[in-house]
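What you see is a predicted model; the values in this text were computed from it and never measured. Quick note on labels: first sequence line is chain A, next is B, and so on, each numbered from 1.
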2 protein chains.
Amino acid sequence: MATMQQVADRAGVSIATVSFVVNGTKYVTPATTAKVTAAMRELKFRGNVVARALASRRTRIVALLFPTTGNRFSPTTSEFFMNAAERASERGYHLVLWPVDPAGDDLDDLVSGGLVDGVVLMEVRMDDPRVVKLSELGVPFTLIGRTRDAAELPYVDIDFETTIEDGLDHLQGLGHRRFGLVLENLEGTPMAGYAPHLRVEDTFRRSVVDRGCAGTVVYAGPGSEGGRDAARRLLEADPDVTAVLVMKDDSSAGLLVGLYAAGRRVPDDVSVLSIASSAAAGDQHHPRLSTMIAPGRELGVRAADALIDRLDGTSTELPHFLLPCVLRPAESVAAAPTR
Amino acid sequence: MATMQQVADRAGVSIATVSFVVNGTKYVTPATTAKVTAAMRELKFRGNVVARALASRRTRIVALLFPTTGNRFSPTTSEFFMNAAERASERGYHLVLWPVDPAGDDLDDLVSGGLVDGVVLMEVRMDDPRVVKLSELGVPFTLIGRTRDAAELPYVDIDFETTIEDGLDHLQGLGHRRFGLVLENLEGTPMAGYAPHLRVEDTFRRSVVDRGCAGTVVYAGPGSEGGRDAARRLLEADPDVTAVLVMKDDSSAGLLVGLYAAGRRVPDDVSVLSIASSAAAGDQHHPRLSTMIAPGRELGVRAADALIDRLDGTSTELPHFLLPCVLRPAESVAAAPTR
DNA sequence: ATGAAAGCGCTAACAG
DNA sequence: CTGTTAGCGCTTTCAT
């Protein structure tokens with residue numbers, strides 16, 4: 001663990017010079033640069049990130065905040081993370097996934113003293129206490145998701161409104177007039193107020209009325225059982241329903257089973273459309289589920305960019321980026337590998 | 001961002017005293033403690049993690065290394081992470097998920113200067129370059145997984161050997177004599193040499209011979225298509241196969257479809273057993289897949305404990321912890337909620 | 001029981 | 001172009 005001073009001694013220069021060549025902060029003669037570089041090699045100099053952070057007030061580390069709730073990682077979540085991390089890496093930052101409690105109480109030690117230069121929030125609720133916390137703390141941050149009023153906040157998000165309209169357009173085009181919507185029930189949990197749910201439900205209810213159609217919303221409990229039960233309750237509320245949107249991957253299977261159990265064939269009697277999901281999840285079922293695929297990759301990249309733009313001062317404008325899920329009908333064949 | 005010095009001034013004591021009460025490092029009179037505490041409240045003192053780290057050479061942050069490969073997070077992976085993080089938190093540490101390239105080339109800046117006190121590795125390969133790197137760097141670490149020769153390394157892992165034997169016992173008990181094994185094909189990728197695959201394949205081949213049974217191994221490509229194709233090739237290699245083990249969640253669905261397509265009914269003609277998987281994944285299918293569930297929770301907790309024990313000097317012995325997956329037959333009913 | 005002071009390893013003026 | 005030096009905010013002997 002050679003120090004910079006040791007490198008300086010070895011190279012016969014001052015510590016400042018070493019710092020300059022390490023950071024490219026100032027011009028240094030090729031000759032001395034060479035001496036320094038050699039000394040670094042010989043001593044296997046690594047540079048102390050912590051010391052540098054203390055002195056320079058930046059770490060080039062950013063955190064993606066993940067709520068420590070029982071909920072698992074969805075494929076979409078995973079996509080956010082991997083792609084945001086990759087993008088950050090391309091831009092010279094490290095992005096790490098940081099578990100924090102949903103209330104944001106343990107945000108302090110994360111941020112205090114500049115352990116991270118900035119954070120991106122995911123799994124955002126309509127009124128998310130974490131954004132208040134972060135604002136107070138004065139850390140640069142961006143959201144994957146939106147609070148109720150996010151006009152002043154930098155965010156990237158799925159355009160749920162458009163997604164739902166597109167989904168309903170598609171189904172209505174197929175002749176459907178009576179719709180169902182299956183959502184996760186988060187009431188009473190720390191994730192209550194989860195923005196995607198509320199936006200989707202709102203849009204669904206409103207749009208269905210606008211279209212002069214029938215719409216029924218049911219909340220599913222956890223897992224396959226939850227989906228089964230949701231099917232039962234949906235059919236009870238509207239026995240004539242012919243198309244249902246599901247936004248809960250882990251209960252899609254149960255939903256299908258529940259529909260079959262009630263004598264409905266899918267897709268002949270009832271169409272099922274999984275929303276804000278992934279190709280992989282849709283493929284789990286047979287027949288393959290029609291799916292509105294979340295743009296996880298794009299959003300991850302955009303979120304990283306949005307944050308790093310502010311950190312680097314590359315861009316000063318407030319990013320507001322919305323992207324709808326794209327429909328992949330069940331009958332579509334997997335595209336040939338492009339690489 | 002009040003500093004410790006400011007707190008000291010406000011309380012009329014020295015900075016050392018503040019440090020003592022903050023860390024409980026030394027006894028301080030209740031009276032002065034009170035003064036200091038008050039000053040901290042008033043100034044909203046947070047403490048600078050980076051400065052502390054530089055001075056004390058520890059951050060109480062540990063990293064879970066996740067290889068930045070195309071592969072997504074499995075539910076089991078997610079379970080490792082969440083539970084390890086929770087356990088770490090209980091023991092006063094922060095655990096973050098840190099993406100590093102599989103070769104371990106970017107491990108230096110993570111570790112240099114003690115940014116993290118220790119790391120836990122996952123997705124371990126038989127000859128994992130990262131453990132070499134980490135040894136050189138001198139960072140305390142533990143594995144979730146095992147290299148080929150892990151006798152000298154601290155690890156927790158799934159007992160794949162026992163898992164396979166148990167699975168085969170189960171199937172053989174049902175009367176099966178001709179087995180198939182579906183594995184992911186990682187050849188040519190950075191994750192080639194992934195230890196679970198090699199151990200499972202080895203054990204399977206050996207055990208099947210010991211049992212005087214037939215065994216066929218096929219490698220599946222990605223996704224549902226991969227599973228379908230695997231089914232085709234499996235049946236081509238052994239048309240009389242009646243039981244197949246799959247260790248690749250995302251192609252189970254395809255496998256089932258492929259079997260149906262070839263005229264085999266599941267489970268009547270062919271039994272399918274998903275191994276090292278999760279209850280949630282098994283429930284995605286209909287009929288529900290028999291599953292050997294990975295002990296993700298237990299392993300996550302154990303891994304965190306193993307690492308932190310070394311960091312805190314709580315325990316000095318080399319942890320070698322193996323736990324097999326537990327069988328959940330398809331016909332089993334979901335247990336009633338226990339809370 | 002508390003304080004003084006010497007670092008931890010590096011950055012960034014400011015000189016020269 | 002390179003060196004001097006004063007911090008960054010906190011921990012930790014060593015005194016008192």
Engineer: Would Arg60(A) pass as a cation-pi partner of Tyr93(A), given that its NZ or CZ must be under 6.0 Å from the six-membered ring centre and within 45 degrees of the axis?
Structural biologist: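 Judged by the rule (NZ or CZ under 6.0 Å from the ring centre, within 45° of its axis), Arg60(A) counts as positioned above Tyr93(A).
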
Engineer: In residues 51-59 of chain B, which ones come under 4.0 Å of DNA chain D, going by heavy atoms?
Structural biologist: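 Going residue by residue through residues 51-59 of chain B, the ones with a heavy atom under 4.0 Å of DNA chain D turn out to be Ala51(B), Arg52(B), Ala55(B), Ser56(B).
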
Engineer: Determine which pairs satisfy salt bridge (Lys or Arg N to Asp or Glu O under 4.0 Å) with at least one residue from residues 29-40 of chain B, sequence neighbours left out, and list them in order.
Structural biologist: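 For residues 29-40 of chain B, and leaving out neighbouring residues, there are no salt bridge (Lys or Arg N to Asp or Glu O under 4.0 Å) pairs at all.
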
Engineer: Would you grab the first and last nucleotide of DNA chain D (5' to 3') that comes under 4.0 Å of any non-hydrogen atom in chain A?
Structural biologist: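 Listing 5' to 3', DNA chain D meets chain A from dC1(D) to dG9(D).
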
Engineer: Using five base pairs at each end, measure the axis-to-axis angle across the helix from dA1(C)-dT16(D) to dG16(C)-dC1(D) and round it to 10 degrees.
Structural biologist: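 Angle reported: 40°, given to the nearest ten degrees.
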
Engineer: Please list, chain by chain and in numerical order, all residues satisfying side chain to side chain donor-acceptor pair (under 3.5 Å) with Ser89(B), sequence neighbours excluded.
Structural biologist: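 Partners of Ser89(B) under the side chain to side chain donor-acceptor pair (under 3.5 Å) test: none.
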
Engineer: In chain order, what residues pass the side chain to side chain donor-acceptor pair (under 3.5 Å) check against Asp101(A), with sequence neighbours excluded?
Structural biologist: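 Applying side chain to side chain donor-acceptor pair (under 3.5 Å) to Asp101(A) gives none.
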
Engineer: Taking the side chain as every heavy atom from C-beta outward, state whether Asn48(B) and Thr3(B) have any pair of such atoms under 4.5 Å apart.
Structural biologist: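 Counting from C-beta outward, Asn48(B) and Thr3(B) never come under 4.5 Å.
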
Engineer: Which pairs with one or both residues in residues 131-142 of chain A pass salt bridge (Lys or Arg N to Asp or Glu O under 4.0 Å), sequence neighbours excluded?
Structural biologist: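 Qualifying pairs: Asp108(A)-Lys133(A).
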
Engineer: Return each pair, listed once, that meets side-chain hydrogen bond (donor to acceptor under 3.5 Å, both in side chains) where at least one residue sits in residues 11-23 of chain A; pairs must be two or more places apart or across chains.
Structural biologist: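 side-chain hydrogen bond (donor to acceptor under 3.5 Å, both in side chains) check on residues 11-23 of chain A returns Ser14(A)-Thr17(A), Ser19(A)-Asn23(A), Asn23(A)-Arg52(A).
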
Engineer: Hey, are the side chains of Thr68(B) and Glu86(A) touching, using non-hydrogen atoms and a 4.5 Å cut-off?
Structural biologist: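 Counting from C-beta outward, Thr68(B) and Glu86(A) never come under 4.5 Å.
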
Engineer: Check each residue of residues 22-43 of chain B for a non-hydrogen atom within less than 4.0 Å of any atom in DNA chain D, then write out the ones that pass by number, or none.
Structural biologist: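 Listed by number, they are Asn23(B), Lys26(B).
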
Engineer: Heavy atoms only, 4.0 Å cut-off, all strands: where does Val13(B) land among base, sugar-phosphate and nothing?
Structural biologist: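 Answer is sugar-phosphate: Val13(B) comes under 4.0 Å of backbone atoms only.
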
Engineer: Side-chain contact test, heavy atoms from C-beta onward, threshold under 4.5 Å: evaluate it for Glu123(B) versus Thr69(B) and give yes or no.
Structural biologist: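 Answer no - side chains too far apart.
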
Engineer: Anything under 4.0 Å to a heavy atom of chain A counts; send over the first and last such nucleotide of DNA chain C, read 5' to 3'.
Structural biologist: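 Contacts span dG9(C) to dC14(C), reading 5' to 3'.
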
Engineer: Using side-chain heavy atoms (C-beta onward) and a distance below 4.5 Å, is Val28(A) in contact with Val36(A)?
Structural biologist: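 No, their side chains stay 4.5 Å or more apart.
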
Engineer: Check side chain to side chain contact (heavy atoms under 4.5 Å, CB included) between Pro154(B) and all other residues, then give those that pass, not counting sequence neighbours.
Structural biologist: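 Expected list: Thr142(B), Arg310(B), Leu318(B), Pro319(B).
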
Engineer: Could you check if a side-chain atom of Leu307(A) sits within less than 4.5 angstrom of a side-chain atom of Leu95(A), using non-hydrogen atoms only?
Structural biologist: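 The answer is no, as the side chains (C-beta and beyond) never meet within the 4.5 Å cut-off.
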
Engineer: Taking the side chain as C-beta and beyond, is there a heavy-atom pair between Arg91(A) and Asp305(A) under 4.5 Å?
Structural biologist: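 When only atoms from C-beta onward are counted, Asp305(A) and Arg91(A) do touch, with a gap below 4.5 Å.
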
Engineer: Using side chain to side chain contact (heavy atoms under 4.5 Å, CB included) as the criterion, list what pairs up with Leu65(B), not counting sequence neighbours.
Structural biologist: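 Only Ala63(B), Trp98(B), Val100(B), Leu107(B), Leu110(B), Val119(B), Leu121(B), Arg130(B), Leu134(B) meet the side chain to side chain contact (heavy atoms under 4.5 Å, CB included) criterion with Leu65(B).
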
Engineer: Does any part of the side chain of Phe66(A), heavy atoms only, come nearer than 4.5 Å to the side chain of Leu97(B), both counted from C-beta?
Structural biologist: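 Result no, sub-4.5 Å side-chain heavy-atom pair not found.
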
